[in-house]
Amino acid sequence: MELTFDQNYWDERYNTEDTGWDIGFPSTPLKTYFDQLEDKSLRILIPGAGNAYEAEYLHQQGFTNVWVADISASAIQKFAERVPTFPKEHLLHVNFFEMEESFDMMIEQTFFCALHPSEREHYVAQTAQIIKPGGKLVGLLFQIPLFEDHPPFGGNKEMYEPLFSPHFNIQVMETAHNSIEPRQGNELFINLVRK
């Protein structure tokens, strides 16, 4: 699939540190969710991971099957340098839409909003393709309008529910109660189970 915002676009953003979405640490709602997970062998994918603080945190907590995927070679390289103990074979420089592996869980953290809205149906279909039946899509979606011509792109629950419901049972899709201060009230926490 030809992406609206390709590798060159994202490499440029990482190389110039034009990464305003980057908070510099694992997002609080996700960290809280990770802290109650007991099975550290879960096969977890974090696509469009960028600086991948969530992957770093899971790795530090002893999760052994975490995979980081990004279309930006610069992002993957910077992560590998920052977290040298992370298994190199779990760092994937790849277009998410071309992945064929399967996972128990996928973590959504500012990847969905980085894609052009015209690519969202394909995102959901691809996510359903690589998450095993009964597996989960867990993460955060913005519930504010944001930009119309460049990432991040926003949206709301009314848009997202019909998009995800053909492939997922929506267990949770509600305003995150523990977002960081600048995002308070602007994030939906999602926990969706693959049908």
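- For the atom pair SG of Cys113 and CZ of Phe142, the computed distance is 5.0 Å after rounding to the nearest 0.5 Å.
- Under a 3.5 Å cut-off, the side chain of Arg43 and the backbone N or O of Val66 do not form any donor-acceptor pair.
- Other residues, nucleotides and ligands contribute at most 12 non-hydrogen atoms within 6.0 Å of the CD atom of Glu100.
- Within 6.0 Å of NE2 on His177 lie no more than 12 heavy atoms contributed by other residues, nucleotides or ligands.
- If you chain together hydrophobic residues whose side chains sit under 4.5 Å apart, Ile46 and Met106 never meet in one group.
- Put simply, the side chain of Phe189 does not reach to within 4.5 Å of the side chain of Leu141, judged on heavy atoms.
- Screening Thr64, Ile44, Asn65, Leu45 against His90 for a side-chain contact (heavy atoms from CB on, under 4.5 Å) leaves a single residue, Asn65.
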* Go through the steps to decide whether Phe111 and Phe96 satisfy the test ring-ring contact (aromatic ring centres under 6.0 Å, His included), and finish with yes or no. => CA-CA 10 Å; Phe111 176 48; Phe96 169 74; 5.2 Å; yes
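- Proximity of a side-chain donor or acceptor of Lys78 to a complementary backbone N or O of Asn51 within less than 3.5 Å is not detected.
- Of all heavy-atom pairs between Asp70 and Ser72, the closest is OD1-N, 2.8 Å.
- Counted by atom type alone, Asp39 and Ser41 present one or more donor-acceptor pairs between their side chains at under 3.5 Å.
- Here the CZ atom belonging to Arg194 is positioned 10.5 Å from the OG1 atom belonging to Thr127, to the nearest 0.5 angstrom.
- Among all heavy-atom pairs drawn from Ser27 and Leu140, the shortest one is OG-CD1, 3.1 Å.
- You'll find the side chain of Met173 stays beyond 4.5 Å of the side chain of Asn191, heavy atoms only.
- In this structure, CD1 on Ile130 lies 8.0 Å from CD on Glu101, to the nearest 0.5 angstrom.
- Scanning both residues, Lys157 and Pro162, for their nearest heavy atoms gives O-CD, 4.5 Å.
- Taking hydrophobic clusters as Ile, Leu, Val, Met, Phe, Trp and Tyr residues chained together by side-chain heavy-atom distances below 4.5 Å, Ile190 does not share a cluster with Val193.
- Hydrophobic clustering (ILVMFWY, side-chain heavy atoms < 4.5 Å, transitive): Val68 and Leu42 are in one cluster.
- Side-chain atoms of Glu161 do not come within 3.5 Å of backbone N or O of Glu158 as any donor-acceptor pair.
- Phe103 is not listed as a side-chain neighbour of Met105, based on a closest heavy-atom distance of 4.5 Å or more.
- In this structure, the separation between CD on Gln36 and NZ on Lys31 is 12.5 Å, given to the nearest 0.5 Å.
- Between Arg120 and Gly154, the closest heavy-atom pair is NH2-O, 2.9 Å.
- The NE2 atom of His167 sits 12.0 Å away from atom CG of Leu137, with the distance rounded to the nearest 0.5 Å.
- Checked against a 6.0 Å centroid threshold, the rings of Phe112 and Tyr160 count as neighbours.
- Both Leu188 and Val124 belong to a common hydrophobic cluster when Ile, Leu, Val, Met, Phe, Trp and Tyr are linked at side-chain heavy-atom distances under 4.5 angstrom.
- When atom types are taken as modelled, the side chain of Arg183 and the backbone of Ala176 share no donor-acceptor pair closer than 3.5 angstrom.
- Note: Glu12 CD to Ser74 OG = 9.0 Å, rounded to the nearest 0.5 Å.
- A side-chain N or O of Tyr123 and one of Glu108 form a donor-acceptor pair less than 3.5 Å apart.
- By the 4.0 Å N-to-carboxylate-O rule, Asp104 lies too far from Lys136 to be salt-bridged with it.
- Between Phe97 and His122, the angle of the ring planes lies from 30° to 60°, which puts this pair in the tilted group.
- Counting non-hydrogen atoms of neighbouring residues, nucleotides and ligands closer than 6.0 angstrom, the CD atom of Glu38 reaches no more than 12 such neighbours.
- Cluster annotation: Leu58 and Leu91 are assigned to the same hydrophobic cluster (Ile/Leu/Val/Met/Phe/Trp/Tyr, side-chain heavy-atom contacts under 4.5 Å, transitive).
- Counting heavy atoms from C-beta on, the side chains of Phe86 and Glu56 never come closer than 4.5 Å.
- The local environment of CD in Glu121 is sparse, with at most 12 non-hydrogen atoms from other residues, nucleotides or ligands closer than 6.0 Å.
- The local environment of CD in Gln184 is crowded, with over 12 non-hydrogen atoms from other residues, nucleotides or ligands closer than 6.0 Å.
- With hydrogens and angles left out, the side-chain atoms of Gln143 and Thr175 include a donor and acceptor closer than 3.5 Å.
- The number of heavy atoms from other shown groups lying within 6.0 Å of CD (Glu81) is above 12.
- Under the 4.5 Å side-chain criterion, counting only non-hydrogen atoms from C-beta, Asn178 is in contact with Thr32.
- The two residues Phe153 and Leu115 come nearest to each other via the heavy atoms CD1-O, 3.2 Å.
- Here the closest non-hydrogen pair linking Glu187 and Pro29 is OE1-CG, 4.4 Å.
- Counting heavy atoms from C-beta on, the side chains of Asp35 and Tyr57 come closer than 4.5 Å.
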